[in-house]
Each structure stands twice: as C-alpha cells, then as structure tokens.
Student: 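First, the structure itself, so that you have it in front of you.
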There are 2 protein chains.
Amino acid sequence: MPKRRATISDVARLAGVSIATVSRVVNGTAPVAEDTVQRVREAIATLGYTPHAAARKLAGRETGTLGVLLPEVAAEFFFPLVRGIAEEVRNAGYDLLIHVASSGQESSLSTPLGEHNTDGLLIFTGRLSDEEITRLYDAGFPMVLLYRSPPDDLPIPYVMFENKKGARALIAHVISVHHCRRIAFLRGPEGNEDSEWRERGYREALENHGIPFDEDLVGMGGFDADIARETVEHWLQQGLDFDAIFAGDDEAAMGVMAALRHAGKKVPDEVAVLGFDDINSAKLMAPPLTTVRAPIQAAAAGAAQALLAQLKGEEPPRQLRYPTQVIIRQSCGCD
Amino acid sequence: MPKRRATISDVARLAGVSIATVSRVVNGTAPVAEDTVQRVREAIATLGYTPHAAARKLAGRETGTLGVLLPEVAAEFFFPLVRGIAEEVRNAGYDLLIHVASSGQESSLSTPLGEHNTDGLLIFTGRLSDEEITRLYDAGFPMVLLYRSPPDDLPIPYVMFENKKGARALIAHVISVHHCRRIAFLRGPEGNEDSEWRERGYREALENHGIPFDEDLVGMGGFDADIARETVEHWLQQGLDFDAIFAGDDEAAMGVMAALRHAGKKVPDEVAVLGFDDINSAKLMAPPLTTVRAPIQAAAAGAAQALLAQLKGEEPPRQLRYPTQVIIRQSCGCD
DNA sequence: ACGCTTTCTGAAAGCGTTTACATCATACCA
DNA sequence: TGGTATGATGTAAACGCTTTCAGAAAGCGT
C-alpha cells in the first residue's frame with residue numbers, strides 16, 4: 001500500500017511556484033532566482049520528492065540509460081565485462097541497465113530495454129537473433145555487438161579479441177617448446193564466434209608445424225567447466241591419446257584439470273592444459289593455468305565508448321579488435 | 001538518426017480504429033471483434049510498432065518490472081543468485097532489471113530503479129544505506145533484502161542462510177575428525193552479516209571443543225581470492241602456526257589454496273582448507289573443497305517469491321532462513 | 001523617462017499510453 | 001415486443017514531466 005508519491009506539482013504548490021520552475025531547479029536547465037531555488041529545494045526535501053523516471057522519459061527525448069543484454073549463462077569473465085562497461089557509461093552520465101536472459105526465452109527484446117526505453121544497447125553474443133538486430137538497425141537504434149559480428153555485414157560496431165592470433169601463438173608454444181603433438185581442442189558453445197576463431201588459430205598452428213588435424217581430438221567444452229570435464233572423462237575412458245588439451249576458455253580448463261586430476265593424470269607432466277581469457281582464477285589453479293589474456297574489461301569499456309560515440313552522433317569505429325597475449329604459467333609445462 | 005517510431009496512434013489510423021482499441025488488442029484487456037484484431041495486428045506488423053514502455057508506466061499504475069540492486073564486486077555465486085531470481089520473476093510475468101553499482105558511488109538509488117520505476121526491489125547487502133532503505137520502507141515500497149537484516153528492525157522481509165549452524169558444523173568436523181586445533185578464520189568484507197554469523201559459528205565450535213579463541217588466527221579474507229591469498233601469504237611469512245583455515249567463503253578458499261601451494265604447504269596434509277557456499281568451482285579445486293552448501297539459487301528464488309507476494313498484497317514472511325549443509329570433500333583431509 | 005536587454009517565472013502544449021465512461025448494436029428473456 | 005444484459009468500439013481524461021512561448025520585472029545607457 002504505497003502512499004501516493006509526491007509529484008512535481010506537490011512540490012510546486014508547497015514552494016509556491018509553478019511546476020516549470022521546479023523542473024528547472026531540478027534539472028538546472030535555466031536560471032532561477034537564488035531564494036526560489038532555496039524554497040524549491042526545501043519543498044523537495046520535506047516532501048521526499050523523487051522525479052518519476054517514466055514521465056521524464058516520456059516528456060524528454062532521451063532516456064539517459066543504456067542497456068546491456070546478456071545471455072543466461074554467464075561465466076566469471078562476466079564481471080570485468082560489466083565493470084568495464086559500467087565505468088564508461090557512468091562517467092558519461094548515463095545509467096546502466098542489465099538484462100539477463102532467463103532460460104527458454106531467447107533472442108527477444110523484452111519490454112524494459114531497447115528502443116524507447118534505452119538510448120542504446122550493448123548486445124552480447126547470442127542474445128538477439130539476426131532478425132531482431134537487423135530490425136533495430138533499420139530503426140536506427142544505436143547498438144554495439146559484443147563478441148559477435150553483425151548479421152548481413154551491417155555496419156554495426158562490434159568488439160572482438162584477436163582470438164585466432166592468440167590461440168595460434170598458444171598452441172605454437174606447446175608444440176615448439178613442449179613438443180606436444182596430440183593436442184585436443186574443446187569447442188565453445190554452438191555458433192560462438194570466439195570459439196570459431198580460436199579453433200582456426202589452433203588449426204593454423206598445427207598446420208604450421210606439420211601436424212595433421214584430427215577430428216577425434218576435438219570435443220565439446222561449451223566454455224563450461226562441467227561440460228568440459230565430462231568430455232575429457234569420456235575421452236579418458238575410451239583411452240584417447242593426447243598430450244595437451246586446449247580447453248577453449250579458462251572455465252573449461254578448470255573442468256579439464258579436474259577430470260585429469262581425478263584420473264590420476266599429472267598436469268603438466270602427462271598432459272598440458274591450456275585456457276583462454278585469463279580470468280581471475282586462472283592464476284589460482286593447480287597448477288596455474290597457461291592461457292591467453294583477453295583484455296575483457298578494456299574491450300567492454302571500448303564497446304561502451306563506441307556506443308556513447310554513436311549517441312553523440314559521431315561515427316564509431318566499425319570494428320574494435322583487441323589484442324591478446326599468451327600468458328605462460330605452469331600448466332603447459334613451463335617453469 | 002532514428003526515424004520517429006510508430007506510436008499507437010499510427011497503428012490506430014492505419015487500422016482504422018481508435019487508439020483504445022489498439023491498446024485493447026495489444027493488452028487483451030477487453031473483447032475485440034476478430035476481424036478488428038486482425039486489422040490491428042497487421043497494422044502493428046507493417047509499422048513495426050513497439051509500445052513505449054515509459055508511456056505505459058506513466059499511464060498504468062504498475063511498471064511490470066522488478067529491480068535487483070547488486071554491489072560492484074560480484075563473485076561467482078552471483079549467477080545462481082540471478083538465475084534463481086530471474087526465473088521466479090519471469091514466471092510471474094515481470095521483467096527483471098539488474099543494476100550493478102559502479103565503484104565510488106555507493107548506497108544511492110539511481111534514476112532507473114526503485115520507486116516509480118520498478119514495482120519492487122531486491123536489495124543485496126551493502127547496496128543501499130540504512131537511511132535509504134528506511135525511506136523506501138516508509139514510502140511503502142515493496143522490497144526484499146538479500147543477506148542482510150533490515151535496519152531498525154523494520155519488518156522488511158529478508159533472506160539469509162543458516163550461516164552459524166553451517167560454520168559450526170564445519171569447524172566441528174575438522175576438530176573432531178581431523179583433530180585440528182589451530183584453525184584460522186578469514187573474515188568477509190567489513191560489516192557483512194554472513195561473515196559475522198559464520199564467525200559466530202566458528203567461535204561456538206571452538207568453544208564447544210574447549211579451544212580458546214585466538215584473535216591472531218583471524219584475518220581479512222574479504223570473500224575474495226586475492227585478498228585471502230595475501231593474508232595467508234603474510235601469515236606464512238611471519239610463521240604463524242595453523243593446521244586449518246576456514247576461508248569464510250569459497251572464493252577466498254581458492255586464494256588460500258593458491259597461497260599454501262605456492263609456499264609448498266600440502267593441503268590437506270599440513271593444512272586443511274574450508275570454504276563456504278559450495279560454488280561451482282569448489283568441487284573442481286585441487287583438492288576438491290570441503291565447504292558448506294548454501295542453496296543460493298533457492299534462496300534467491302525465495303526472495304523473489306517474497307517480493308512477488310508483497311506485490312499481490314499478501315503478507316510475506318518476515319524472514320527466510322535457508323538451511324545449509326556441510327559438504328565433505330578432500331580439502332579437510334577426508335577420503 | 002524611454003527603449004532594450006537580461007533574468008526570472010508561469011501557462012500550456014505535448015510525450016504515448018491506459019482506462020473509465022459513454023454509445024450503439026445485437027441478442028436474449030419473459 | 002419491450003427491457004435488459006452483453007459485445008464492440010470510440011472519446012477523453014489522466015499519468016508526471018519537459019519545454020516552448022510569452023510576459024513581468026529589473027538593469028542600464030541615453
């Protein structure tokens with residue numbers, strides 16, 4: 001039973017001014033006499049007035065808020081991501097609303113975000129269907145894609161990492177330094193572009209070193225510890241032979257290590273384990289994980305900047321490609 | 001340069017009906033003739049009409065969306081939390097908006113959430129100041145507190161785990177089964193209620209077994225791997241003697257293990273490590289972590305239900321206390 | 001004292017919906 | 001056959017705010 005909230009009119013009445021004046025002191029959009037400001041401020045305070053955001057949006061043209069669309073599954077790297085975005089957005093004076101998909105319903109815009117309700121959108125891989133994205137694009141709605149390229153080559157800005165290059169360098173390391181020859185690869189979720197590029201890097205490295213690609217050495221990791229673990233356990237059971245596993249990402253690597261440990265396989269002596277992302281726990285694993293650092297927070301901040309730029313009418317970069325860097329720790333056999 | 005979006009009037013004009021009728025077919029709030037429905041549907045489709053959420057909120061009384069206020073730092077257990085909430089909320093036909101605090105600004109309600117803009121709020125520990133919470137309460141705003149009790153004993157529903165009981169049982173286990181005597185404890189963030197209760201459980205267990213509490217064995221873990229790691233490294237450096245570490249939560253436990261491993265201390269042979277929460281990676285650690293399972297997702301779902309109940313005018317439970325369960329794995333010395 | 005700015009303020013027109021309230025057929029019952 | 005529910009639709013009044021437009025008051029140069 002919420003009591004009716006104070007509205008701008010209530011404030012105006014109490015302060016003995018018009019609602020226009022109240023609006024002006026609240027927003028500082030026009031000069032107001034000092035004592036009037038005082039009275040209005042007091043009135044606001046005693047009434048505990050808070051502007052009604054919906055009304056504001058309706059009246060003004062901009063909503064002052066940006067939306068982020070995230071998929072249901074979210075891994076550890078979600079945080080640097082959100083943090084990177086949040087900081088940029090906040091600095092620019094916008095608010096940030098995050099919408100997490102719930103299982104089942106996928107790829108649809110829900111009421112509170114998008115179009116009328118936010119000034120722009122940061123869209124994570126897989127959150128929206130190509131059609132939906134195209135529709136928004138056609139409507140001239142500002143957005144930036146995270147870790148996926150736009151459908152139909154639409155000129156929508158997007159951020160990506162140098163997945164291929166990083167993966168290639170990582171694999172090259174275990175081949176040339178640790179003489180691994182049977183290197184398994186765990187794919188990410190179906191259709192994930194990051195995973196596709198990592199796989200290409202993996203294949204290129206093999207090719208460069210004259211190692212034939214073996215489909216048997218590729219399995220599903222899903223960028224998920226449990227899935228990766230299952231796959232590796234399955235492999236172990238059927239006696240698949242490998243001397244290294246590139247888990248696709250760090251989460252999966254964690255699952256891989258657990259499976260190996262459980263089976264009594266020594267990491268890295270018997271099997272090298274490789275990740276991708278360099279999430280916070282990578283350095284805490286046993287042994288510390290050799291991986292590829294993806295500047296997640298920086299990329300997220302870049303994405304936010306690109307969105308903000310669009311909002312200001314500037315031409316944002318078509319593509320933001322962030323460099324990756326191999327981080328050698330112990331899970332590959334170094335040290 | 002977004003083209004002007006289609007409004008309800010555009011649809012009405014194209015379909016040759018009044019805006020009221022359009023509204024009715026959109027919301028299904030009143031019977032409309034079948035062929036009229038058809039015409040309106042078509043008009044909506046050809047115009048690509050999407051209702052303006054702000055206008056809707058302004059006009060109707062409810063916003064149809066619930067807000068979640070999260071602190072800046074968010075750990076792995078954030079996900080089950082969000083998932084639990086999201087599912088309940090979605091099932092009830094509400095939308096969910098998550099607002100993540102950005103560093104610096106704390107405990108303040110930002111424009112897009114709260115009061116006029118959501119019908120209710122789920123508030124995480126530390127996100128809002130007592131004053132702010134009290135103000136919202138006074139305004140009759142529906143909310144549920146996560147992992148903290150209400151200020152001034154206000155009758156605001158809140159969810160908590162049986163922290164004390166779980167911690168007590170956990171510590172009792174290492175004392176009686178593994179004969180640990182010098183058990184260190186890592187506190188969570190300043191003022192965190194979960195941490196306080198866990199500490200009480202820890203102390204009670206000590207007391208029950210006649211072990212004197214030693215302030216030197218208590219340090220800061222911050223529910224954070226890096227902080228915990230530093231503390232333990234510091235302890236190790238100054239030669240502090242302990243045979244077990246209760247890390248406060250699982251994240252911290254991960255840091256503890258890393259510090260111990262780095263120093264060449266065997267877990268669990270030389271030092272037992274204990275966590276709390278049973279996050280996904282707990283079972284993947286080396287060795288798998290003995291911890292206390294907190295039904296995070298269930299608790300979150302319960303919180304959401306309590307909020308929804310309030311919205312329906314029902315009397316929600318004052319407090320939701322979720323049971324915890326000791327999960328014995330290997331880091332304590334079992335197996 | 002006169003015009004001209006400059007400052008401050010109010011009236012009122014939207015913004016895109018929802019939702020009484022009213023209207024008008026049409027159908028049903030006695 | 002008159003009377004009354006019932007169904008389908010339109011009219012118009014909110015909802016709480018921003019903003020344009022104009023007007024009043026005040027300052028200033030001549």
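To find a chain, count down the sequence lines: A is the first, B the second, and so on, and within it residues start at 1.
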Student: From the options C/dG10, D/dT18, D/dA8, select the nucleotide whose nearest atom is closest to the side chain of B/A33.
Tutor: D/dA8
Student: Please tell me which of A/R24 and A/Y49 maps to the more 5' nucleotide of DNA chain D, matching each residue to the nucleotide holding its nearest heavy atom.
Tutor: A/Y49
Student: Touch check for A/S23, heavy atoms < 4.0 angstrom, all strands: base, sugar-phosphate only, or nothing?
Tutor: base
Student: For A/D35 and for A/I19, locate the closest nucleotide of DNA chain C by heavy-atom distance; then report the residue assigned to the nucleotide nearer the 5' terminus.
Tutor: A/D35
Student: B/N27 has an atom CG; how far is it from atom C1' of D/dA8, in whole Å?
Tutor: 17 Å
Student: Please figure out whether B/A55 or B/R39 has its closest DNA chain D nucleotide nearer the 5' end.
Tutor: B/R39
Student: Hey, are B/E42 and B/R39 close enough for a salt bridge, meaning a charged N less than 4.0 Å from a carboxylate O?
Tutor: no
Student: Taking pairing as Watson-Crick or G-U wobble with both contacts under 3.5 Å, can you name the mate of D/dT30, or confirm there isn't one?
Tutor: C/dA1
Student: Could you state the atom-to-atom distance from CZ of B/R56 to C1' of C/dC15 in whole Å?
Tutor: 16 Å
Student: CD1/B/I156 to CE/B/M143 distance, rounded to the nearest 0.5 angstrom?
Tutor: 4.0 Å
Student: Looking at C/dT7, which nucleotide sits across from it as a Watson-Crick or G-U wobble partner, both distances under 3.5 angstrom, or is there none?
Tutor: D/dA24
Student: When B/T29 is tested against each of B/V25, B/N27, B/V26 for side-chain contact (heavy atoms from CB on, under 4.5 Å), which residue passes?
Tutor: B/N27
Student: Between B/T21 and D/dG10, is there a side-chain N or O to OP1/OP2 distance below 4.0 Å?
Tutor: yes
Student: Output yes when a side-chain donor or acceptor of B/N192 lies under 3.5 Å from a complementary backbone atom of B/G188, and no otherwise.
Tutor: no
Student: For the pair made of NZ in A/K57 and P in D/dT18, what is the distance, rounded to whole Å?
Tutor: 13 Å
Student: Whole angstrom is fine here: how far is it from CZ in A/R13 over to P in C/dT9?
Tutor: 19 Å
Student: Provide, to the nearest angstrom, the distance between the NE2 atom belonging to B/H52 and the P atom belonging to C/dC15.
Tutor: 11 Å
Student: Counting heavy atoms from C-beta on, name the nucleotide in C/dT7, D/dG10, D/dC17 closest to the side chain of A/P31.
Tutor: C/dT7
Student: Between A/R13 and A/D10, is the closest basic N to carboxylate O distance under 4.0 Å?
Tutor: yes
Student: C/dT18, C/dC15, D/dT9: which one has an atom nearest the side-chain heavy atoms of A/L58?
Tutor: C/dC15
Student: Taking only the side-chain heavy atoms of B/I8 (C-beta and beyond), determine which of C/dA11, C/dT17, D/dC15 contains the nearest atom.
Tutor: C/dT17
Student: In terms of side-chain heavy atoms of A/P51, which of D/dC17, C/dT9, C/dT18 is nearest?
Tutor: D/dC17
Student: Between D/dC15, C/dT9, D/dC17, which one does the side chain of A/T36 approach most closely?
Tutor: C/dT9
Student: So A/V22, base contact, sugar-phosphate only, or nothing? Heavy-atom distance under 4.0 Å.
Tutor: nothing
Student: Look at the side-chain N and O atoms of B/T7 and state whether any lies under 4.0 Å from the OP1 or OP2 oxygen of C/dG16.
Tutor: no
